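First comes the structure, then the notes that go with it.
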Amino acid sequence: MNKRKIQIFSSIDYLANNLSELIIKGVNELPNGNYFTIALSGGSTPKIIFEYIAKNIGNKINWKKIKIFWSDERCVPPDNNESNYKMVYDSLLKYITIPNENIFRIFGEAEPEKEAKRYSVIIKENVPLKNDIPQFDLVLLGLGEDGHTVSIFPNQISTFYSDEFCIVTINPYSNQNRITVSGKIINNAKRAIFLVTGANKSSIVNRILGNKKNENILPAELVSLSKGELIWMLDTASAQLLDSQIQNTGIIR
Ligand code: 6PG
C-alpha cells in the first residue's frame, strides 16, 4: 500500500531543514558498508534548497556514505547554465566533501539515445535492485506548472510507462532533448519527495492534491510508489489553494 504525506512549511529554510533531517536519518540508519542512493531533480526550486543545505547543513551530512544521481538532465554540456549537473555543482557539490566516485552525472553532452542507455546501465550497476529494478533510497522531484515531473511532459505521458530505466524526451516548450528516469524507477523508490514552492505552483498543486476529479491525468499524478513513501513538501505559497482540511493536517512549521 503506497503512503502519501503532505507537509507544508512556512519557509523554504524549514522545508530544506526537514529534508536534510530525512537524509541524515537515512544515512545514519545505513547498515555498515551500504550507501544512501539519491536521485536529484532539476529546476530552480531544488537550487534554493541545495544552497540552504550547503550553507547551513554542509558536512553535518556524511556525504561519503551517499551516492548522488540525477533523475533527469537537459542535453547540454555540464558547463552550460541549463545543466542540472551544473546547478547542483554550483549550489551544493562545490561546498561539500564528497568523493568524485560517488557522483554519477548524466552526460548531457553525449548523444541522447546512447546516453539514456548508458545511464540505465549505470543506475542498474550502482543502485541496489528490488524486483530487478534499481531502488533508490530517495528520489527528489520537481513539479512544472503544467504537471510535468522529471522530464516527462504531459504531451509525452506514455513515456512514464517505458520499460527502460532511462529515456529521451523533448521539452515541448524549447524543443530541447532531455534524458530522464522513467516511472519504473520513480515508483520503485523507497521514498520520493516532491519539492514544490511558490505561488505560481499553487494551482497545479491544488489540481493534483485537491479532491477534484480531473479530465486528463498528468505525469506528476502517475507518481505512486508501490511499496515506498511519497511526500509532498510544499511551502505555504504553493499550498495556498488547498482546502483548509488538507492545509491544517499538513502544517509542519
Ligand atoms: C528540470 C526538471 C523539472 C523541474 C520542474 C520544476 O530539469 O527542470 O526536470 O521537472 O523540476 O520543471 O522546475 P522549477 O523548480 O524551476 O519550477
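For this chain, numbers begin at 1 and follow the sequence in order. As the structure lists them, so they are numbered: ligands from 1, and atoms in each ligand from 1. We use all heavy atoms of the structure for the numbers below, so side chains are in, but hydrogens, waters and symmetry mates are not. Because the structure is a prediction, the values reported are computed rather than measured.
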Ligand 1 atoms in contact with [X] (distance to a heavy atom under 4.0 Å):
X	value
Asn84	7 (O)
Val150	2 (C), 3 (C), 9 (O), 10 (O)
Gly142	11 (O)

Q. How about Asn102 and Trp63: do any of their side-chain heavy atoms sit closer than 4.5 Å?
A. no

Q.
Any heavy-atom pair between the side chains of Ile38 and Asp137 that's under 4.5 Å?
A. no

| Among the heavy atoms of Arg178, does any lie under 4.0 Å from an atom of ligand 1? | yes

Does NZ in Lys47 sit with more than 12 non-hydrogen atoms of other residues, nucleotides or ligands closer than 6.0 Å?
no

In terms of side-chain heavy atoms, does [X] have a donor or acceptor partner in [Y] at a distance below 3.5 Å?
X	Y	answer
Lys86	Asn81	yes
Ser238	Asp235	yes
Tyr52	Asn17	yes

Closest heavy-atom approach to atom 1 (C) of ligand 1 among Lys201, Lys47, Arg74 is made by Arg74

Salt bridge (Lys or Arg N to Asp or Glu O under 4.0 Å) pairs touching residues 172-183, sequence neighbours excluded, are Asp72-Arg178

Structural part of [X] in contact with ligand 1, heavy atom criterion under 4.0 angstrom:
X	value
Ser41	neither
His148	side chain
Thr45	both

By ring pair (Phe, Tyr, Trp, His ring centres under 6.0 Å), Phe165 pairs with (sequence neighbours left out) none

Give me the residue, atom name and distance of the protein heavy atom closest to [atom].
atom	value
atom 13 (O) of ligand 1	Gly43 CA, 3.8 Å
atom 11 (O) of ligand 1	Gly42 O, 2.9 Å
atom 6 (C) of ligand 1	Leu143 O, 3.5 Å
atom 2 (C) of ligand 1	Asp72 OD2, 3.2 Å

